[in-house]
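Structure first, commentary second.
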Protein chains: 2
Amino acid sequence: MSLKFAILGVLELKPHTGYDLKKTIEASVAHFWSADQSQIYRTLALLVADGLAEVEVINQDGRPDRRLHRITPTGLAALHEWLTSPLPPETPHDAFLVRVFYVGELGIPAAAALLQSRRAEADAVLSRLTALVGQESGDPVDLAHRLRRATLRYGIRHAEAELAWLTETVEALS
Amino acid sequence: MSLKFAILGVLELKPHTGYDLKKTIEASVAHFWSADQSQIYRTLALLVADGLAEVEVINQDGRPDRRLHRITPTGLAALHEWLTSPLPPETPHDAFLVRVFYVGELGIPAAAALLQSRRAEADAVLSRLTALVGQESGDPVDLAHRLRRATLRYGIRHAEAELAWLTETVEALS
DNA sequence: GTCTTATATATGCATGGTCTAATATAGGCA
DNA sequence: TGCCTATATTAGACCATGCATATATAAGAC
């Protein structure tokens, strides 16, 4: 659903090929959005079909032509409209909590193992995000830049909450 | 993917029809898993086809027969195996953060509106979960029960983290 | 007396996503 | 020489989910 807009957002900053997009997404928004390569190409085709992006074909020899996509005025309008539209209701799907909910039947060791491996995950996420924030230099002045950094802080806050919850839950096990 | 196991978990406690399942899911795990009715029926059919559940048909007149599903030993084994299997890597898809990431282009008012409506959501979630925890009586002794309650606390912790992040992010806007 | 809600399941269609693989070439490494 | 990686796109199969609709009846509300 919003891969469409994640892509439009990238295109707003700079024209991209599908191949570039995959890399840009991995390098910038991977901490809250992941996209399969084939899904990116399909979504690009859809954007073009809907007039939200347009393609410039750049010939190459030896490899497929580059299809450089740029956002159209219609695309820009669609992106801005989406950004200001109401948040749709969430339909939660958290497989980890499904495990927590039922693992009690298996006894304390199984529960402890589950929580411990989740802790390893959360630790990894936290240090990855902390490193990312750290490598950004100085004070961001520009609003857009500040908000982009805020998405990293979002992940950090939630990882910390996760760790706190894990600690109290593990303690309550025995 | 794990709807299969969410359902097996319910069936482990008690046999259910598809209709019952929908209600049980809404009443117990809705805060971290939601499932469409048709999806439940389809998944039940799949469980039966795989030998993880079996059906007892109970005749009724005036309305469709009840198809009571109970977990099989194979199903129980599959559930327990899943509960102790390694956590698969997460592929994040957070549409809200996509908005935060790009809304900066539209200026402070648009950003503030986005964050404010998210705050309303988080407030609602927090009070709903707090009410749920409150209505549970006394100290849970049994491990399974404690872990089920922990899933509520998980939601609460994360909602609180969300609110804290919203506050600091809104403050940093201007 | 009609309208809504509850009971109970089935099916079709669309959407969004993952995984796999095909195609074709250049450059670097062992 | 042979293998792996990077570049670049396309396509097919499959899976999970959601939305809508069909069917059929009884009980309760207004």
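Residue numbering restarts at 1 for every chain, and letters A, B, ... go by the order of the sequence lines. Only heavy atoms go into these numbers, but all of them, side chains included; no hydrogens, no water, no symmetry mates.
Applying the salt bridge (Lys or Arg N to Asp or Glu O under 4.0 Å) definition to pairs two or more places apart or across chains, those involving residues 80-99 of chain A are E90(A)-R118(B). Pairs engaging residues 32-46 of chain B under the salt bridge (Lys or Arg N to Asp or Glu O under 4.0 Å) rule: none recorded [sequence neighbours left out]. The side chain to side chain donor-acceptor pair (under 3.5 Å) analysis of residues 1-12 of chain B, with sequence neighbours excluded, yields the pairs E12(B)-H80(B).
Within residues 17-31 of chain B, the residues approached by DNA chain C to less than 4.0 Å at the level of any non-hydrogen atom are T17(B), G18(B), Y19(B), K23(B), in residue-number order. Applying a 4.0 Å cut-off to non-hydrogen atoms, the residues of residues 83-94 of chain A that approach DNA chain D are T91(A), H93(A), listed by residue number.
Under the salt bridge (Lys or Arg N to Asp or Glu O under 4.0 Å) criterion, R119(A) pairs with no residue, sequence neighbours left out. For the salt bridge (Lys or Arg N to Asp or Glu O under 4.0 Å) test, residues two or more places apart in sequence or in another chain that qualify with D20(A) are R66(A). Considering only residues two or more places apart in sequence or on other chains, E56(A) meets the side-chain contact (heavy atoms from CB on, under 4.5 Å) condition with I58(A), L68(A), R70(A).
Using a 4.0 Å cutoff to heavy atoms of chain A, the contacted part of DNA chain C runs 5' to 3' from dG16(C) to dA26(C). On the nucleic acid side, DNA chain D contacts chain A at distances under 4.0 Å to non-hydrogen atoms, with the end points of that region at dA6(D) to dG18(D).
DNA chain C is contacted by both P64(A) and L46(A); L46(A) maps to the nucleotide lying nearer its 5′ end (nearest heavy atom per residue).
Residue contacts shown for R42(B) include a base, since a base heavy atom lies under 4.0 Å away.
Ring geometry for F96(A) versus Y154(B): interplanar angle of 30 to 60°, hence tilted.
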Side-chain donor-acceptor distances from residues 47-55 of chain A under 3.5 Å, at least two apart:
none

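Rounded to 10 degrees, the angle separating the terminal helix axes of the helix from dG1(C)-dC30(D) to dA30(C)-dT1(D), each built from five base pairs, is 30°.
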